[in-house]
Structure formats: structure tokens, C-alpha cells
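Right, one structure below, let's go through it.
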Amino acid sequence: MVIILVYVDDIILTGPNATQVVSKKKLFMDKWECCNLGECREFLCMRIEYRGGKTYLDQVPYLEKILKHFGMADAKAAQTPLPTSYKPEPFDGTAMAALRSQYQSVIGSLLYLMLGTHPDLAFAVTQMVKFTHIPLEEHLLKTRHILCYLAGTHKYTLVYDGRSDAGLYAYCDSSYGDDRSDADHRHRSTQGYYFSLANASVKWHSKMQTLISTSSTMAEYIALSDCAHDCASYSANLENPCHMSLSMLTAIE
Amino acid sequence: MLSLNVCLNCHHSTPDMLQGEHSMVMSHLDTLSKRGKVPEKTGTYTCPAPLQTPTDVENCLMQTAQCLFLIQDSRATLLRVTLVMLNQQWKGEHCGNICFQRQYLTTMNVRDWMTKDISKLSAKDQWAWHKAQFEELEALKKHNIYKLADLPPGHKAIKNCWVFDLKSDGRKKACLVAKGFSQIEGLDFDEIFSPVVQFESVHTILMLAALEKWKIEGLDVKSAFLYGTLDEELYMEQPQGFKVLGNEHKVLHLKKAIYGLKQAAHTWWHELD
């Protein structure tokens, strides 16, 4: 079995049988003109490092470039991605075009970092993403706060240490009625989850709930149900092609 | 005080690249006249011949001295006078007097892509970029991308432009890009869906590899989009500055996708499949 990941022209091949992987790679190289990168060190601007039997995944070079680009390379580190109990207020007017394009460019970079290697940004970025079409100066300032946080934590990496004793753990939580970005000013709740498999972060997510809950318990249950759905589909996706059976499946609220 | 002449050339003689500016000027003038605030000396100027290249625009500028575009600033109070010429902009602010200053736009892109007007560079630099252009054309020829043909009636040729990139190691790369935005859905392209790997799959596979001590191999397909075979019958104009002598009126019949086409990613995915 060979597992192949393709992102347009970036390809990763891996599998249990090294000779099989190499022969598959050869097939690719015969059919299309390819650049052989050997052992994969970079994929989609994410740096992959192997040290002492562990795999490290980070976006440090990209992040440093971004911080420099937005002039935040020497920023004072912030402790949290967003100020505590900050609730962004929506804005109804028309936004300035210059501000909007600047905001979109920051948000785009932050989204990529969040999806790539920064589960810690999931909440902060999804909060700020909602204002991409009509940002305020205030919102831009808060994205700078996220950049300050990144300036302090830019050396953080995801570690895949190959510890097999831990199964799939899913952590989820929700707030209750804190989100006012809705067009009808209804109070919605925010939910988030984080999956860890074999002691490694594999999936994370944060979003506004589509249902309106009438109690914090209801909000929590909606979050838990969504989390369980994704857990089920995730483990099914894993089991089918990889023949991995997940005996330990723990959901923690 | 400089008199304010506004370039009001007819529609057909506005160069393509200035169409947007042109319509903005028109609508702005319309608003101004409704408010009774038409600039005192609004001269009308019609260009003798269609403006096609930056040189034409420049010549036109030389002749009329004040061939200007008026557009409104985002602050609404300030008038900006602009003439966009590929990568350059003449910019001035209208506050009683019109001053203009020549300014070069800088691209903020992280990867530093640029559409350069290489005719403004020194002969040596120009030659280096031309060499890059030749290399790109060679690559296209090698992949058997297109064939010279007459444009059949009922078809429209897609325009193209050159994009220049300075790689981090100093190599110069020119890329011929089709202007895919002029393609019409249903006629020039159909399906443009092209799936890519999800981040969670990447994380999961890296986790698996670490767990099972698998080796991870990387590959990078060179000019991937040039492998996708096109289903649609597409025609593209000959690349700017590289027309085949004696066959200038002919167009290129595209057999494979090139960068910039709407379906480029889709055809590559199809090929891979």
C-alpha cells in the first residue's frame, strides 16, 4: 500500500513498504517531469523535520515572513490570541476599500496558519473572519493582537512523536449566546473541538453554532453531537483505507 | 494654474488596460455635472488612432500634455488624477493646482510576482528577461501545447500576458498566462472542480508515518498544468512580442491547458486521475 497526498503539483508519498513507495515515485517521474525532493522536508510551506524518531511540523519560515511583511517582527508578545472576554461587534456601514483589502490580506495569512499548524488560533481567527467583508479599524487592531501572540509563540511546532498508546481523543466545548455577529442580532453560541490521535494533533475546528440554543446545556449538547459526528466520520475514513481499528475512542467535554 | 483637460476618448480608442479607469472617469464626471461642478476647462480629446501599447499612450500624453483621468479618492473629498500604464502610475492631487508626480507601484506580494513593463529597462536587463521568455516558449513547444491556426468564425481568441518572477536564487522566470477571466462559462469551460488534499489528511498521514516509522517522500511536478489535455476548442492570441513573422494574424489553437485558464487545475486533476 502506498499513500499519496496531492496538492496540485506538490506530492507526498508514504507507506509501509519503502520499495513500493520508491517504485510508485518512479512511475510518477516517468510519466511527468518531476523534481525529486527525496525525503519530504516541506509541504505547502509547512516545514517537516525529523529529529530523534519524532516528526516536527511547523510554519516558522512562512510565519516569520508574514510577521515581517506586516511589520510585526519585533512586536511585544501577547499572552492570548485575543484579549480576554473580547467580543467583536459587527458594523453595518460601508467599509473603506483600503482597510478591507488590508484586513483580508491579514486574515488570509492567519487562516492559512490556523489550518496548517496552529490549533490555538482556531477560535480567534474564526471570530475575526466574520468581518472580512465589512471590517472596522478596531477589527484590524485585533488581528494585530493575534500577530502579537504569534510573535511570542512562533517557535511552537506540532510534534508527532509516534506514541501509539493513546487512541483517538476528542475534546469539545461550547459557549452560550456570546456571538452577536449574526445579521438579526440573535445570540448564538460558539463551539469548538480538537482531535488527538496517538498523542498527535490531527484535526481542530471552531465555529458559530447554526442552531439557537435556549440554555448552556443545549449548546453543549449541540457541540458534543457535532463533535461525535465528525469523530465517527473521521475514524471511518481512517479505518477503511488504512485498516486501522480504533478501539479507544474517548470524548471529553 | 494648469488647465484641466480630461481625456474623453471614444470607447473604441481606449486601450483595454484603461477601460476600467475610463468608465470610472465617465461616471465621476457625470456625478460632477449633476452637481453643477464640472471642472472649468473640460477639454475633449479624441485620440487619432486606437491606443494599444504603452508607447501609444505615452505618445498621446506627449501630444496633449494633459491627458488625464480623474478619479475620486476613497475619502471622497480628494480628487486623484491617474493614468495607469501597466506598472506605472502618474499620480497627482487636485487641490486648486494639479501637480503630478511619477510614481512606481510596488507589488506587495510576498512572492514578488510582477507584470513588468520590460521595455523600460536597460538593454541588458531586457535581454535577460527576453531569455526567460524564450525558455518559457521552448517549454510550451516541448509540451506540444498549441498549434498555429486561423481563427474559425464564431470563436474568440483569449488574450494573454507575461508574468515575470524573480526567484529567490536570482533566476528570472517568465510565465505566459492566459487571461482566463474572459472565458465564457458553458462555451469555453465547463467543469473547473479540482480537489486538493485536506489539512487534516496531511496531519493524519504525518502522524501515521511517525507512528509506523514510514519514510515520507516528496515530489514536485514541474509545470503541472501543462499536462492537462483540453476538451474544449480554445484559441489564444499569439504571445505579446513573439508573433510568428508573416503569420501575425493567426492565433494559437490550444491543445493543452496553460496557466490562467479557468479549467487548468481541473484538467491537471483529470490527467492525474
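Numbers restart at 1 for each chain; the letters A, B, ... are given by sequence-line order, proteins then strands.
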- Task: Would you check, one step at a time, whether the test side-chain contact (heavy atoms from CB on, under 4.5 Å) holds for A/Ile11 with B/Asp220?
- Result: CA-CA 6 Å; A/Ile11 300 172; B/Asp220 184 72; over 6 Å; no

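Rounding to the nearest 0.5 Å gives a distance of 11.0 Å between CD1 of A/Ile4 and CD1 of B/Ile205. Annotation: the span from B/Leu208 atom CG to A/Tyr160 atom OH amounts to 11.0 Å, rounded to 0.5 Å.
The environment of NZ in A/Lys26 is sparse: at most 12 heavy-atom neighbours from other residues, nucleotides or ligands sit within 6.0 Å. At most 12 heavy atoms of other shown residues, nucleotides or ligands fall within 6.0 angstrom of atom NZ in A/Lys155. Atom CG of A/Asp74 has 12 or fewer heavy atoms from other residues, nucleotides or ligands within 6.0 Å.
When side chains are defined from C-beta on, B/Trp214 counts as touching A/Ile3, because their heavy atoms get closer than 4.5 Å. Side-chain contact between B/Val202 and A/Tyr7 is absent, with no heavy-atom pair separated by less than 4.5 Å. Taking the side chain as every heavy atom from C-beta outward, A/Leu37 and B/Leu219 never approach each other to under 4.5 Å. Looking at A/Phe195 and B/Glu200, their side chains never come closer than 4.5 Å, going by heavy atoms from C-beta outward. Taking 4.5 Å as the limit, every side-chain heavy atom of A/Phe28 sits out of range of all side-chain heavy atoms of B/Glu217. With contacts defined as side-chain heavy-atom distances shorter than 4.5 Å, the pair B/Lys215/A/Tyr50 does not qualify.
Screening B/Val197, B/Leu206, B/Ile216 against A/Phe43 for a side-chain contact (heavy atoms from CB on, under 4.5 Å) leaves a single residue, B/Val197.
With a 4.5 angstrom heavy-atom cutoff, A/Leu13 touches chain B via backbone and side-chain atoms both. Neither the backbone nor the side chain of A/Ser105 comes within less than 4.5 Å of any heavy atom of chain B. Both the backbone and the side chain of A/Val6 have a heavy atom closer than 4.5 Å to some heavy atom of chain B.
In terms of non-hydrogen atom pairs under 4.5 Å with chain B, the most contact-rich of A/Val8, A/Val159, A/Leu158, A/Thr55 is A/Val8. The most heavy-atom pairs under 4.5 Å with chain B, out of A/Glu39, A/Lys25, A/Glu42, come from A/Lys25.
The two residues B/Leu211 and A/Ala198 make their nearest non-hydrogen contact at CD1-CB, 3.8 Å.
The aromatic rings of B/Trp268 and A/Trp32 sit perpendicular to each other, their planes meeting at more than 60°, with 30° as the lower class boundary.
B/His203 places a side-chain N or O within donor-acceptor distance of the main-chain N or O of A/Gly116, the cut-off being under 3.5 Å.
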